[in-house]
Structure formats: C-alpha cells, structure tokens
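These notes are about the structure you will find just below.
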Amino acid sequence: MATGARHPTLAMGDTPRLGRRFYARYTPTVARELLGCLLVRVEGKKRLSGIIVETEAYRGSGDPASHAYSGKTRRNEVMFGEPGHAYVYFTYGFHHCLNLTTEREGIPGAVLIRAVEPVEGVETMIARRGLEDAARAADGPGKLTQALGIDRRLNGEDLISSKRLFVEAGSGPVPVGTSARVGIKLGVDRRWRYYVKGSRFVSRGRPAVAHSQNP
DNA sequence: GTTCCGATTTTCT
DNA sequence: GAAAATCGGAACA
C-alpha cells in the first residue's frame with residue numbers, strides 16, 4: 001500500500017493547494033496524481049468541493065483525440081499556455097467540460113475532470129441536478145460542471161491564484177485503475193483514463209468494444 | 001440490467 | 001455544413 005501517487009508539492013506539508021510545478025509535468029502523470037485531490041469551487045462565500053475520482057489526459061500533436069491535435073486555435077489556446085489554468089469549453093450544445101492545463105508553457109496538454117465525489121455543499125450540488133443521490137450528482141464531465149456552477153466564464157482561470165477555482169492535495173494515495181478514454185474515436189489505444197478503483201462516484205463510461213472480434 | 005438515439009450550440013473546414 | 005472529450009430518456013432483455 002506504500003505505492004501510489006505522490007504529490008511533490010506536499011513534500012513539506014505547507015500548503016494544501018497544488019502549485020504550478022504539480023501541473024507542469026507529463027500530462028498522464030498529472031491525470032493519475034490528481035485522483036484523490038480535492039476540487040474546490042468558491043461561489044461568493046459558499047464553498048463547493050469534491051474529491052477527484054476520474055480523469056483523462058489529453059496532449060498535443062501526437063494525440064489525435066485532443067483538441068490541440070491540429071494546432072492552436074482561439075478555443076484551445078489555454079492548453080498551450082501556462083500550466084495550472086482552467087480550460088473550460090462548451091460541447092454538444094448542452095454541456096461544459098472542465099480541464100486543468102499541464103506541461104510547460106508552449107506545450108499543449110490538459111486533464112479532463114470526469115467525475116468527483118461531493119464533499120462540501122453536497123445539498124447545493126444535488127439540488128442543482130434535481131437529484132437526491134449524491135453519487136450521481138457529479139459522475140460525468142458535463143454533470144460536475146453543472147453541479148459546481150462552472151462555465152466558460154472560468155476559462156483561463158489561474159488555479160494557483162484564483163479565489164474561485166482551485167485544487168487541494170489529497171490525504172493520501174488511492175487505488176488507481178486505467179482504461180481507454182471515453183467518447184472519442186481516435187487514440188483509443190492509449191489507456192489515458194484514470195479512476196479510483198472501487199469508487200461509487202465514477203461515471204460508468206462505455207466499454208469501447210463490446211463484441212467486436214479483431215483478428 | 002443494457003443499448004440506442006435525439007437534443008442543441010460552438011467551433012472549425 | 002459537419003462534427004463534437006455528453007446526457008437522459010425510451011426501448012428491450
């Protein structure tokens with residue numbers, strides 16, 4: 001049980017908030033180590049938070065599933081900037097997705113937050129989703145942004161200095177599982193989805209191949 | 001329990 | 001004009 005994610009920024013136990021250096025690394029590593037950390041959203045004086053239980057890594061030109069695959073555009077420019085910022089985009093006409101940027105400046109990378117386990121402000125979160133069960137309040141990328149009140153106004157937010165959105169280190173290592181990423185057509189061979197094994201709060205995702213027989 | 005399909009907007013070709 | 005890092009409801013077993 002001694003093996004698992006380590007959090008370099010916690011080495012001295014000084015600050016609970018993850019620092020710039022945590023994000024400025026190889027994206028899949030950041031995605032894995034974000035599991036167990038606490039995503040915090042502050043609205044006015046109200047604090048909403050949840051433990052990150054599911055993530056996916058997206059990189060640049062070598063990753064066909066990434067928004068940054070075809071180069072820099074106005075939408076994805078945050079992925080190319082300084083690590084430790086929020087990349088929020090609107091998709092499918094309904095949903096926002098929250099990513100945290102990674103890699104050093106100039107190198108595109110981001111971690112998609114797919115699910116959290118509600119911790120603070122649970123009643124607010126389930127009320128927004130019209131549910132009673134906290135386990136389903138934030139078990140998908142579009143669901144958690146709705147529960148936490150995250151939209152494109154937070155695109156580009158600096159997670160190191162922001163008072164509205166940031167991440168705090170977890171209390172310790174968690175059991176990690178991996179799988180192919182969800183909802184993409186290309187790049188499925190890379191197992192860059194990470195989740196907390198055994199957690200009830202992860203999204204189910206879709207089995208990439210149910211009955212296909214590839215020779 | 002699982003699988004299929006439509007809704008609706010932004011973004012890019 | 002087409003596709004998209006999704007969700008929720010309907011249909012079926």
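Quick caveat, the model's predicted, so the values are computed rather than measured. Residue numbers start from 1 in every chain, and the chains themselves are labelled A, B, ... in the order their sequence lines are given, proteins ahead of strands.
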**Request:** Could you check which nucleotide pairs with C:dA5 in any of the strands shown, counting Watson-Crick or G-U wobble with both distances under 3.5 Å?
**Result:**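 Pairing partner: none.
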**Message:** Looking at B:dT8, which nucleotide sits across from it as a Watson-Crick or G-U wobble partner, both distances under 3.5 angstrom, or is there none?
**Reply:**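 Per the H-bond distance test, none.
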[X] [atom1] to [N] [atom2], straight-line distance once rounded to whole Å:
{"X": "A:Phe90", "N": "C:dA4", "atom1": "CZ", "atom2": "C1'", "result": "12 Å"}
{"X": "A:Arg129", "N": "C:dT6", "atom1": "CZ", "atom2": "P", "result": "15 Å"}
{"X": "A:Tyr69", "N": "C:dA3", "atom1": "OH", "atom2": "P", "result": "18 Å"}
{"X": "A:Tyr89", "N": "B:dT9", "atom1": "OH", "atom2": "C1'", "result": "14 Å"}
{"X": "A:Asp139", "N": "C:dA5", "atom1": "CG", "atom2": "P", "result": "20 Å"}
{"X": "A:Asn76", "N": "C:dA4", "atom1": "CG", "atom2": "P", "result": "16 Å"}
{"X": "A:Leu112", "N": "C:dT6", "atom1": "CG", "atom2": "P", "result": "7 Å"}
{"X": "A:Phe94", "N": "C:dA5", "atom1": "CZ", "atom2": "P", "result": "16 Å"}

Counting only N and O atoms by type, is there a donor-acceptor contact under 3.5 Å from the side chain of [X] to the main-chain atoms of [Y]?
{"X": "A:Asp63", "Y": "A:Tyr58", "answer": "no"}
{"X": "A:Arg181", "Y": "A:Ala57", "answer": "yes"}
{"X": "A:Asn76", "Y": "A:His67", "answer": "yes"}

**Request:** Mark yes or no: A:Arg25 above the aromatic ring of A:Phe22, with NZ or CZ under 6.0 Å from the six-membered ring centre and no more than 45 degrees from the axis.
**Result:**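 The answer is yes, since A:Arg25 meets both limits relative to A:Phe22.
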**Message:** Counting the atoms with a prime plus P, OP1 and OP2 as sugar-phosphate, which does A:Thr73 contact under 4.0 Å by heavy atoms, base, sugar-phosphate, or nothing?
**Reply:**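 Sugar-phosphate only.
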**Request:** Tell me what A:Ile184 touches on the nucleic acid: a base, only sugar-phosphate, or nothing, going by heavy atoms under 4.0 Å.
**Result:**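 Touches sugar-phosphate only.
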**Prompt:** Side chain of A:Met79: nearest nucleotide among B:dC12, C:dC7, C:dA5?
**Reply:**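 Nearest to the side-chain atoms of A:Met79, counting from C-beta on, is C:dA5.
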**Request:** Look at the side chain of A:Asn99 and decide which nucleotide, out of C:dC7, B:dC12, C:dA5, has an atom nearest to it.
**Result:**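 Nearest listed nucleotide: C:dA5.
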**Asked** OP1 or OP2 of C:dT6 less than 4.0 angstrom from a side-chain nitrogen or oxygen of A:Thr91, does that happen here?
**Response**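 So the side-chain polar atoms of A:Thr91 never come under 4.0 Å of the phosphate oxygens OP1 or OP2 of C:dT6.
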**Prompt:** Is any side-chain nitrogen or oxygen of A:Lys185 closer than 4.0 Å to OP1 or OP2 of C:dA4?
**Reply:**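 Yes, within the criterion.
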**Message:** Quick check on DNA chain B: between A:His95 and A:Arg152, whose nearest nucleotide comes earlier from the 5' end?
**Reply:**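 The 5'-side residue here is A:His95.
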**Message:** Both A:Gly93 and A:Arg136 contact DNA chain B. Which one's nearest nucleotide lies toward the 5' end?
**Reply:**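 Nearest nucleotide further toward 5': that of A:Arg136.
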**Request:** Locate the shortest heavy-atom distance separating A:Pro118 from A:Ala137; write the atom from each residue and the value.
**Result:**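 Closest heavy-atom pair between A:Pro118 and A:Ala137: CG-CB, 4.3 Å.
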**Asked** Has A:Tyr58 got its ring stacked on the base of C:dA5, with centres under 5.5 Å and planes less than 30° apart?
**Response**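 Check passed, A:Tyr58 stacks on base of C:dA5.
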